[in-house]
Amino acid sequence: QVQLVESGGGLVQTGGSLRLSCAASGRTFSRCVMGWFRQAPGKEREFVAAITWSGGNRYYADSVKGRFTISRDNAKNTVYLQMNSLKPEDAAVYYCAANPSRVRVGSSSAYDYWGQGTQVTVSS
């Protein structure tokens, strides 16, 4: 079992930066692929980024490559999403999720545990 709590969302201007954090509890955290997804009003939840348990492999949606960076600190049971050069289209509720199976890292259906989400608003 893994419990996830996101923080760090807020309001930022276009071009600004935010860092999201996801605090995890549960003994299996370090074995999970951790991912970030987002959902804007009226849209489906979409993959943003994922990172393997060692941090050795990272995956990004094309829309955020070069602007977002995912990282994790297993000693602190925390996953981060550094978001730079934010655009209005990045505005959404961002969710942290844990994938114990470590497969299909871009698919929300592969993630068993989800946080409550944190709102990111980007003003133009």
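Treat the numbers as computed from the prediction; the structure is a model and nothing was measured.
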Is the shortest side-chain heavy-atom distance between [X] and [Y] below 4.5 Å?
| X | Y | answer |
| --- | --- | --- |
| Thr121 | Gln119 | yes |
| Val120 | Arg38 | no |
| Pro88 | Thr14 | yes |
| Met83 | Leu20 | yes |

Tell me which pairs pass salt bridge (Lys or Arg N to Asp or Glu O under 4.0 Å) where either residue lies in residues 115-124, with sequence neighbours left out.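 The answer is none; no pair qualifies.
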
Nearest atoms (heavy-atom pairs only) where Ala110 meets Val103: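 Smallest heavy-atom distance, with atoms named: CB-O, 3.5 Å.
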
Residue pair Ala91 / Ala40: nearest heavy atoms and the distance that separates them: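 Answer, listing the atom of Ala91 first, then Ala40: O-CB, 3.7 Å.
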
Are the side chain of [X] and the backbone N or O of [Y] linked by a donor-acceptor pair below 3.5 Å?
| X | Y | result |
| --- | --- | --- |
| Asn99 | Gly35 | no |
| Glu6 | Gly117 | yes |
| Arg58 | Ile70 | yes |

Is [Y] reachable from [X] through a run of hydrophobic residues whose side-chain heavy atoms are each under 4.5 Å from the next?
| X | Y | value |
| --- | --- | --- |
| Val2 | Met34 | yes |
| Val64 | Tyr80 | no |
| Leu18 | Tyr60 | yes |
| Trp36 | Val12 | yes |

Please say whether more than 12 non-hydrogen atoms of neighbouring residues, nucleotides or ligands are located less than 6.0 Å from CD in Gln116.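 Atom CD in Gln116 is packed in, count exceeds 12.
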
salt_bridge(Lys65, Asp62) N-O dist < 4.0 Å: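 Salt bridge between Lys65 and Asp62, a charged N being under 4.0 Å from a carboxylate O: yes.
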
Let me confirm one number: the OG-CD distance from Ser124 to Gln13, rounded to the nearest 0.5 Å.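 Answer rounded to 0.5 Å: 9.5 Å.
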
Hey, could you give me the CD1/SG distance between Ile51 and Cys32, rounded to the nearest 0.5 Å?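 If I round to the nearest 0.5 Å, the distance is 13.0 Å.
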
Stepwise, does the side chain to side chain contact (heavy atoms under 4.5 Å, CB included) test hold for Ser71 with Gln82? CA-CA 8 Å; Ser71 61; Gln82 177 66 43; over 6 Å; no

Starting from Phe47, walk the hydrophobic network (Ile, Leu, Val, Met, Phe, Trp, Tyr; side-chain heavy atoms closer than 4.5 Å) and list everyone else you reach, by chain and number.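 Members besides Phe47, by chain and number: Val33, Phe37, Tyr59, Val93, Tyr95, Val105, Tyr111, Trp114.
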
